[in-house]
Every structure is written in structure tokens, then in C-alpha cells.
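These notes are about the structure you will find just below.
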Amino acid sequence: MKIDWRDVLRHGLLVVAFCFAIAAVINSIWPNKSYLQHLGYSMCIGLLIWLVIEFGRYPLRRPTDPGGWPHGWRGGALTVAGIVVGYYAGSALGDWLIGGGSGAISSGEVQHDQRVSLAITVLAGVLGSYWFYSRGHNSALAARVSAAERDASEARLKLLETQLEPHMLFNTLANLRVLIAVDPPRAIAMLDRLNNYLRATLSGSRALTHPLSAEFERLGDYLALMAVRMGERLRFSLDLPPELAGQQVPPLILQPLVENSIRHGLEPKVEGGEIVVRARLSDDGTSMLVEASDTGVGIDAAAAQAAADDPGGSFGLGHVRERLATVYGARGRLDIGPLPGGGTRAVVHIPLNRP
């Protein structure tokens, strides 16, 4: 039986506040007694009811009970026991602390007042127990919904990742097939790079996020693999500040951007070009910007607007946007646009703290 003492303290403080309110109600019924006298009895009765129910629920509850409170007849029996023990023991305790003859069940009170006092105790006990039970039940349901949503998001991220990896693999195998016919030594070198890349990928963690440094390492392997195929037509550099190396990001969030730069930017250009991937903090310090720029054929403003208006238009870029939305919501986004001197720049906005 594990007791959450923070919950116990929170519940106790709420019961004390409830007792103050009950004392005010009773004082309006029996104004011949002082508010402090009513408050004393209210505290004695209310706290004893709470103690019986609060600590009695632990041995009675089952693992399947929502919110940690006994369900069904067990919860009802515990509430009745708490009210009976709290009323009679609390009234006796109040007589002893405040003085005989002034308690809720003292011999000097009329029978009518005893019934009213008991009715108020029963009503307050039932309402208080139901409120605590409903609150715990709702918290348990909210936790289950949150867990289900988290599991659904994780499953969706895994699905997106499994779709991206074959996409990259098929493209690489298609390029390897061409090289086998025209340049066998480069094909062997490319096959060795692919083997290293797949080994690192398959032996790595399958977590939903990993450090940005791991993402840059995987990106370096991929670019080295592409450099075997393109030769001097592909140059690249990776710039990762040490203070951002440990930031958590979804796996394979950057590779589609580089794939897009090679396919649409550098390959159509005879002399090729350079790809630069760098990470930096945003101006306001609330997010991290990872920029992939190339000196390829570029993208005009109309094409950039079309890419923004149609997030699913490109397989890789559509998946990047979808994964950012799944993990970060509206706080994560991908911007694409032309560079002033030619080429294309894609910027991924990643919040430093997940929502």
C-alpha cells in the first residue's frame, strides 16, 4: 500500500476549508452558540470522517478502481463508516475539547437539533466523498486519455519513420544499380558506405527522439554516401554548436531536407554545388532553428509558396511537416524559400521545450 502524502495533505486542506463553510451554515441555524464553538465541532467531525475515508480507501481499493478510490459497494460502505464514526466520535471529541453540554449530541440538546445536526453531517459527508471520488475519477480518465493520445502519436511517428527509411533506401539502391554498370569501384565504395549507414541506423536507439548530435552524425553518413555517387559535384559541411548538441529531436527529421536539396537542387546543376546544414538558436531564444541550404538551381517564389500551400506535395517535406506537427503542434514548422544568390534554404523550427 503506497500512500501519496502530497494527495493526503491536499485533501486535508480542502476538508479544513470545507469545515469552515459548514460551521458558517450551522451558525446560521443555531446562532445561540459562537462561531468558534461550531467550528470546533465541525473540525472534529469533518476531520475524523476524512481520516476514516482517506486511509480506509487504501486497503479497500483494487488496481482497476479509477482514481485510487474504492468502487461500488466498497466505496459506499466506506463512506457510511466514515460518517458514523466521524459524527459520534467527533461529537464526543468536541464535547471533551469545548465543554460538555454544548456538543451536537449532548444531553442538553433537543432531539430535533440532533436530527438536523446528523442530517447536515450525512449530507456534507456524502457530498464531500462524492466530490473527492469524482475528482479522482476524472483525473484517472484524463491520464488515460493523455496516455492514449501519446501512444497514438508515438505510433504515428514510428509509422512515418518506417516510411522515410525505405524511401531513402530505394533511392540509394537505384543509384547503386546505375553505378554498378558504369563505375564498379565507386559502386563498391557506395555499397560500403550504405552498409555502414544501415548498421548505424539499425543498431541505434529506436526512441522517438534522440540528441541533435546523433541526427547530425546520421546526416553526415548519408551525405558521405551521396558523395560517393556524385563525386566532386557534391560538397557539404555540418555546423552544430556544442550547446545545441544535446537537444532532443525526432529521428530522420533533417535527412529529407538534404535529399530534397540533392534531388531538386544539385543534381539538375551540371557543376553540382554545396549543402550546408547548421543549427542555431532563434532570436528570442525559445526555439532552435536548423537550416539546410544549397547552392543548386534554386526555387522561385511561386514554387516556395506552392510548397507552403501543399504540405503533402513532396514526400519527404510532407513527412517532415507532419512529424513536426505530431511532436510539437503549431510550435514546430518548416519554412522553404529561395536564397538571394541562388539556391534554396529550408529552415526547421523546433521548440526547445516540448508542449
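- Across Leu254 and Leu212, no two heavy atoms sit closer than the pair CD1-CD1, 4.3 Å.
- The neighbour count for Glu271 CD, taken as heavy atoms of other residues, nucleotides or ligands under 6.0 Å away, is above 12.
- Side chain of Glu215 to main chain of Val249: no donor-acceptor pair is present (N/O by atom type, distance under 3.5 Å, no hydrogens or angles).
- Note that the CD1 atom of Ile275 and the CG atom of Leu238 stand 9.5 Å from one another [nearest 0.5 Å].
- Between Val277 and Leu257 there is no side-chain heavy-atom pair separated by less than 4.5 Å.
- Contact record, Val327 with Pro250: CG2-CG, 4.0 Å, taken as the closest heavy-atom pair.
- Proximity of a side-chain donor or acceptor of Thr344 to a complementary backbone N or O of Asp294 within less than 3.5 Å is not detected.
- Under the 4.5 Å side-chain contact rule for hydrophobic residues, Leu289 and Leu339 do not share a cluster.
- At distances below 3.5 Å, at least one donor-acceptor pair connects side-chain atoms of Ser282 with backbone N or O atoms of Ser287.
- Of the possible polar contacts, none joining the Arg278 side chain to the Ser293 backbone as a donor-acceptor pair under 3.5 Å is found.
- Residues Leu48 and Val85 form no side-chain contact, since every pair of their non-hydrogen atoms from C-beta on lies 4.5 Å or further apart.
- The CD atom of Gln255 lies 7.0 Å from the CG atom of Leu219; values are rounded to the nearest 0.5 Å.
- Under the 4.5 Å side-chain contact rule for hydrophobic residues, Tyr87 and Leu39 share a cluster.
- In this structure, the side chain of Arg345 does not engage the main chain of Glu291 through any donor-acceptor pair within 3.5 Å.
- No side-chain heavy atom of Pro256 sits under 4.5 Å from any side-chain heavy atom of Asn260.
- The minimum heavy-atom distance linking Leu240 with Ser213 is given by the pair CD2-CA, 3.6 Å.
- We find the CG-CZ distance between Leu266 and Arg235 to be 8.5 Å, quoted to the nearest 0.5 Å.
- We find the OG1-CZ distance between Thr286 and Arg331 to be 7.5 Å, quoted to the nearest 0.5 Å.
- Taking hydrophobic clusters as Ile, Leu, Val, Met, Phe, Trp and Tyr residues chained together by side-chain heavy-atom distances below 4.5 Å, Leu51 shares a cluster with Val80.
- The two atoms that bring Pro268 and Arg263 nearest to each other are CD-O, 3.4 Å, heavy atoms only.
- Atom-to-atom distance recorded for Tyr41:OH and Ile45:CD1 is 8.5 Å, nearest 0.5 angstrom.
- In this structure, Leu225 is not a member of the same hydrophobic cluster as Ile188, with clusters built from ILVMFWY side-chain heavy atoms closer than 4.5 Å.
- When all heavy atoms of His210 and Pro251 are compared, the closest pair comes out as NE2-CA, 3.6 Å.
- Residues Leu352 and Met288 approach most closely at CD2-CB, 3.8 Å, considering heavy atoms.
- Atom CE of Met230 and atom CD of Glu267 lie 5.5 Å apart (nearest 0.5 Å).
- Taking hydrophobic clusters as Ile, Leu, Val, Met, Phe, Trp and Tyr residues chained together by side-chain heavy-atom distances below 4.5 Å, Ile49 shares a cluster with Phe20.
- Between Ile262 and Val258, some side-chain heavy-atom pair lies under the 4.5 Å cut-off.
- The shortest side-chain heavy-atom distance between Ile350 and Tyr328 falls under the 4.5 Å cut-off.
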